[in-house]
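Since the structure comes first, as structure tokens, the remarks are kept for the end.
Quick note: numbers below take in every heavy atom, side chains included, and nothing from hydrogens, waters or symmetry partners.
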Amino acid sequence: MTEVSSEFLRRVQDRGFFHQCTDLEGLDKLLSAGPISAYIGFDCTATSLHVGSLVPILMLRHLQQCGHKPIVLMGGGTTKVGDPSGKDESRQLLSDDDIARNMESIRGIFAQFLTFGDGPSDAVMVNNNDWLAGLNYIDFLRDYGRHFSVNRMLSFDSVKLRLDREQPLTFLEFNYMILQAYDFMELARRRDCLLQMGGSDQWGNIVNGVELARRVDQKTVFGLTVPLMTTASGAKMGKTAEGAVWLNEAKLPAYDYWQYWRNTEDADVGRFLRLFTDLPLDEIARLEKLEGAEINAAKKILADAATAMCRGREAAEKAAETARQTFEAGKLAEDLPSIEIDGAALAAGVPAFDLFRQAGLANSNGEARRLIKGGGARLNDGKIADEGQMISKADLAPEGILKLSAGKKRHVLVRPV
């Protein structure tokens, strides 16, 4: 890997964030000369970001820790279009109210990772709807559309992969890369932002922005991408069999978030410690050498550190203690995820498969039936042999609740009300 002198790029390389750069030598000189502003964009397609967004968020965190200024660009405007990168089909279009609600919910996530304020290295949050909403389409096409070659746009992976798979790509989505390039130029003009960062699937969009700023404003700006994260087994980061691993507490309890990191594959422990924690590199080197049962100690450290960073130290300690009670002490931990069920319905009896679905331990009745048939379902730590078994108040534990388990690591408490 090319040797660099700036603290930020050294850290990016050492911790596994680096993938591509439009001009590594030029960017290294710029970063070494003094503080700069850099941005990453986040569209507002849901009420929370998920673990797949952590790498770019942590890039901004490292940038700030190295004395530079992070800009969080909220895609209030581009969310109305939808980024085709890495997608096989068009996103469902959201209303302005949906986008505003999602944006407000997402805002709080960044405060866990970045320091916002008016200082020279304090992060700021901006909304690209501020400049995109008022664009005159004809003038925009005349002024900026002429700088984009359709031939070249078709060659970028975000477009090419969709076409190769014979999946439809709307003209609306095709405009996305032009809008993202325009975002970069606007931020360079408004905030002297000289660097855009993002996932490797954003490379084409970032390059377009670099070239647009050069052609229109004769300004030199830079692009830097991070590798798309997958686990050692090839699974995409942020997704599990149960669904997305959300960063917002309202979408995913801290205990489940802690468990996600605790369940990291052995081969990923060292890499994830470098990427998702602030632990010193020499300590990580020691931990990733652990083998056999000892690797579990490193996984707990990863889970503690990653959860503390996203949800706070208290939430991490509480989740770790809940896990300890559940798995080591064999107790019924009160802080496990829980649902409420109508007491009258439970008195009459609820089929086991239906209760597992209600508890979120299965996505459908069919999946719940398969879980039970496969021997992976437990009630109060006892195996459920019959998918049609009726669960009632007679099954309540002494604490007055039911403990449902799917496998050894997923548990939900059911409380009658």
Residues in side-chain contact (heavy atoms from CB on, under 4.5 Å) contact with [X], at least two apart in sequence or another chain:
{"X": "Asn263", "answer": "Gln259, Lys409"}
{"X": "Ser5", "answer": "Asp28, Ser32"}
{"X": "Thr22", "answer": "Trp203, Val207, Val210, Phe222"}
{"X": "Leu252", "answer": "Val245, Trp246, Asp256, Tyr257, Arg311"}

Which pair of heavy atoms, one from [X] and one from [Y], lies closest together, and at what distance?
{"X": "Ser121", "Y": "Gln64", "answer": "O-NE2, 2.8 Å"}
{"X": "Leu60", "Y": "Pro70", "answer": "O-CG, 3.7 Å"}
{"X": "Ala46", "Y": "Ile106", "answer": "O-CD1, 3.4 Å"}
{"X": "Ala305", "Y": "Thr277", "answer": "CB-CG2, 3.7 Å"}
{"X": "Ile109", "Y": "Ser48", "answer": "CD1-OG, 3.9 Å"}

Taking ring pair (Phe, Tyr, Trp, His ring centres under 6.0 Å) as the test, write out the residues that go with Phe8, two or more places apart.
none
Would you check if there is a donor-acceptor pair between the side chains of [Y] and [X] at a distance under 3.5 Å?
{"X": "Gln202", "Y": "Gln180", "answer": "yes"}
{"X": "Asp268", "Y": "Thr231", "answer": "no"}
{"X": "Ser105", "Y": "Asn248", "answer": "yes"}

In terms of side-chain geometry, is the basic nitrogen of [X] or [Y] positioned less than 4.0 Å from the acidic oxygen of its partner?
{"X": "Arg10", "Y": "Glu7", "result": "no"}
{"X": "Asp14", "Y": "Arg11", "result": "no"}
{"X": "Glu104", "Y": "Arg107", "result": "yes"}

I want to check something: taking the side chain as every heavy atom from C-beta on, are Leu396 and Leu346 in contact at a cut-off of under 4.5 Å?
yes
Is there a side-chain contact between Arg191 and Val126 in this structure, where contact means two heavy atoms from C-beta onward sitting under 4.5 Å apart?
yes
Verify side chain to side chain contact (heavy atoms under 4.5 Å, CB included) between His62 and Asp278, making sure each step is shown before the conclusion.
CA-CA 9 Å; His62 287 300; Asp278 287 332; 4.2 Å; yes
May I have all residue pairs that pass salt bridge (Lys or Arg N to Asp or Glu O under 4.0 Å) and include part of residues 350-362, sequence neighbours excluded?
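Output for this query lists Asp354-Arg357.
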Given the options Arg378, Arg410, His411, Ser405 meets side-chain hydrogen bond (donor to acceptor under 3.5 Å, both in side chains) only with His411
So Trp261 and Phe276, would you call those rings parallel, tilted or perpendicular, with 30° and 60° as cut-offs?
tilted
Enter the distance from Phe272:CZ to Lys299:NZ here, rounded to the nearest 0.5 Å.
11.0 Å
Pi-cation contact, Phe353 with Arg369 (under 6.0 Å, within 45°)
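Yes, a cation-pi geometry.
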